Every structure is written in structure tokens, then in C-alpha cells.
Amino acid sequence: MSQPHFSFLEMAKLCGFQKLVVELEHGTFDLATLDQFLALAKALDIPAICKVIAPNVESIQQVLDFGALGVVIPHIRDVAHAAEITKAAKYPPLGVRSYTGGRVFDYARPSTTAFEDENRRTKCYAMIETAESLADVEKIIALDTVDGLFPGPSDLALACGRGAYAFNDADRADLTRIARAAREAGKTWIMPAWTPAERQFALEEGAELLVIATQNMVLRGGIQSTVDVLRRESVVA
């Protein structure tokens, strides 16, 4: 979801969607609305992973403080950059995440194991969408502060000089490398899988989670389906 439509989230729950990726980098959420939106997601028992607006400490800490299950960090370059920025997703001594009370700790004083528990609960996914991050993908997934990988196929194809992503042989080779790196590290990966072929590939490669539709895809599909029905009934030209 890239726009804060509360009823859309309720309908997604009613229709059986199990998890949610909130697109902040290319979306229209402000902080106050995101806080409310993640509270509703928690109340509906829909775990939410947030793709943060930028690879910086503030963006990562804010969504985790609001209760997100995890973060997807875009624009990662090499392993040194990944090591620096992913520390923001974990409390010390593993990382450098700063403490604040609130929703994460049930608005109470944290227990003695609270920070270790929160480090295990929240997931940090490194987005592999640059040529540099692909070249270092095996090193990136080996970091203690990285729980999984999230390829950005369109930007990765562009960064590698191939133009538009087409799920062709070269695209699949990159995705296979990402999946293999996660698997060999004993960690997970998430696949943006818009087509049946991509979904089959993701299942065969052991993806933890398939992102199968965007908010705008679903809305456009519903509108188009309604118009198609009206045309078949000759209600509209």
C-alpha cells in the first residue's frame, strides 16, 4: 500500500490478505497517519513491513517505534553501506537503535529481555536494487543485522544497464543469485511477484513471502472489471 486508505486495509483483511508491505519511499504517508495506520494493522492482526523512505537512521527507527514487523531498506550500495545503515534496525549491542517507550513495549517499562525480544521480532530486509548491492549480496546477507533480502527487480535491471525489467533470463539470473545467497546463509527473502511465472519462480526458490499486488493494481483491476462487465451488458459503449 502506498496511500493511507484505512477502509482498503479492512477490506484486504476481510478478503484474506495475510501480510502488508507499506510503501513509504514512493507513497503519500505522513508520520501521524502512518502511526495510526500501523495501529490499525496491529489491531486487525495484519503484520506490516515498511519499505522506508530512505536508508537513514530516522526513517528506520520511526516505523519500528510505530510497531512495524520489519523494515525494507532501499538504495543500499555495498556491504560497508549495508553494515552501517542496518544497525539502526537493531538495539545494542547488535545495533544502534534508540529506545523510546510506546506501542512496541505496550506503553510500559520494558522487561529485562525486551530488547533482545524486539531484535528477534523485528526483521531487517536489505533491498538489492543496485549493481553494488548485487555484487556484495552474499556479504550483505551474512551481516548479523540483516534478516533477509528484498530484490527490487525494476531498479536492479535499470542499474545493470538492461532497461525495463522483463523477468527475462538475465533478470532471473539476478533473482536466483539473491535467493541462493539468502538460502545458503540460512535466512529469508521476499519476492515481488506480479505474474504467475514470477510466483512459480518464487515458490521454487523458497521465498518467505510473495508480494503479489499493489494497492493501485487492485484498484485499477476492480475498476476495469466493472467497466468490462458494463460493456458486455451494453450499458456503456
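All of these numbers come straight from a predicted model, not from anything done at the bench. Atoms considered below: every heavy atom in the structure, side chains included; atoms not considered: hydrogens, waters and symmetry mates.
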My understanding is that only residues two or more places apart in sequence, or in another chain, count here; which of them pass side-chain hydrogen bond (donor to acceptor under 3.5 Å, both in side chains) with [X]?
X	answer
E205	R183
D144	none
R220	none

Criterion side chain to side chain contact (heavy atoms under 4.5 Å, CB included) on I49 and L20, from CA distance to verdict: CA-CA 6 Å; I49 298 168; L20 169 70; over 6 Å; no
Are [Y] and [X] connected in a single hydrophobic cluster, I mean Ile/Leu/Val/Met/Phe/Trp/Tyr linked by side-chain heavy atoms less than 4.5 Å apart?
X	Y	result
V22	I60	yes
I46	V218	yes
I85	V79	yes
L24	M127	no
I190	V71	no

So [Y] and [X], do their side chains get closer than 4.5 Å, heavy atoms only?
X	Y	answer
I178	P151	yes
Y99	F115	yes
S98	D65	no
Y125	V146	no
M191	L209	no
L203	L210	yes
T86	I73	yes
H81	H75	no

Show the nearest heavy-atom pair for residues [X] and [Y], with the distance to one decimal.
X	Y	answer
A164	L158	N-CD2, 4.4 Å
T122	A89	OG1-O, 4.0 Å
L69	P47	CD2-CB, 3.7 Å
A131	A159	N-CB, 3.9 Å
V211	W194	O-CZ3, 3.5 Å
L64	E118	O-OE2, 4.5 Å

Nearest 0.5 Å please: distance from the [atom1] atom of [X] over to the [atom2] atom of [Y].
X	Y	atom1	atom2	value
Q200	T195	CD	OG1	10.5 Å
L40	K42	CG	NZ	12.5 Å
C50	L34	SG	CG	5.5 Å
I141	S133	CD1	OG	12.0 Å

Exam field: side chain R199 to backbone A193, donor-acceptor pair closer than 3.5 Å: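 Yes, the answer is positive, given that a donor and an acceptor are paired below the 3.5 Å cut-off.
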Pair N56-S59, side-chain donor/acceptor within less than 3.5 Å: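 Looking only at side-chain atoms, S59 and N56 do form a donor-acceptor pair, the distance falling under 3.5 Å.
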Test item: side-chain donor near acceptor, E116 and T113, under 3.5 Å: no
Ring pair (Phe, Tyr, Trp, His ring centres under 6.0 Å) contacts in which one or both residues fall within residues 128-179, not counting sequence neighbours: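 Passing the test, one end in residues 128-179: F167-F201.
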Output field: ring centroids F37/F66 closer than 6.0 Å: no
Heavy atoms from other residues, nucleotides or ligands near CD of Q224 exceed 12 (cutoff 6.0 Å): yes
Enclosure of I53 CD1 (heavy-atom neighbours >12, cutoff 6.0 Å):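 For I53, atom CD1 is not crowded (no more than 12 foreign heavy atoms under 6.0 Å).
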Verdict with reasoning, I76 to T130, per side chain to side chain contact (heavy atoms under 4.5 Å, CB included): CA-CA 7 Å; I76 286 177; T130 64; 5.8 Å; no
Salt bridge (Lys or Arg N to Asp or Glu O under 4.0 Å) contacts touching residues 71-94 (sequence neighbours left out):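 Every pair satisfying salt bridge (Lys or Arg N to Asp or Glu O under 4.0 Å) with a residue in residues 71-94: K90-D147.
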Sequence neighbours excluded, every pair satisfying salt bridge (Lys or Arg N to Asp or Glu O under 4.0 Å) that has a member inside residues 46-62: E23-K51, E25-K51
Intermediate values then yes/no, side chain to side chain contact (heavy atoms under 4.5 Å, CB included), L156 and C160: CA-CA 6 Å; L156 185 56; C160 292; 4.0 Å; yes
Can you list the residues that meet the salt bridge (charged side-chain N to carboxylate O under 4.0 Å, His left out) rule with [X], with sequence neighbours excluded?
X	answer
D117	R120
D136	none
R103	D35
R162	D171, D174

List the atom pairs, donor and acceptor, that lie under 3.5 Å between side-chain atoms in residues 26-33 and the rest of the protein, sequence neighbours left out.
| from | atom 1 | to | atom 2 | distance (Å) |
| --- | --- | --- | --- | --- |
| D30 | OD1 | A32 | N | 3.3 |
| D30 | OD1 | T33 | N | 2.7 |
| D30 | OD1 | T33 | OG1 | 2.7 |
| D30 | OD2 | T33 | OG1 | 3.3 |

Working for side chain to side chain contact (heavy atoms under 4.5 Å, CB included), residues I140 and I128: CA-CA 9 Å; I140 290 172; I128 306 300; 4.3 Å; yes
Could you go through residues 1-16 and list every donor-acceptor pair under 3.5 Å that involves a side-chain atom there, pairing it with any protein atom two or more places apart or in another chain?
| from | atom 1 | to | atom 2 | distance (Å) |
| --- | --- | --- | --- | --- |
| H5 | ND1 | S7 | N | 3.4 |
| H5 | ND1 | F8 | N | 3.0 |
| K13 | NZ | L44 | O | 3.2 |

Carboxylate-amine/guanidinium proximity below 4.0 Å for E138 and R177: yes
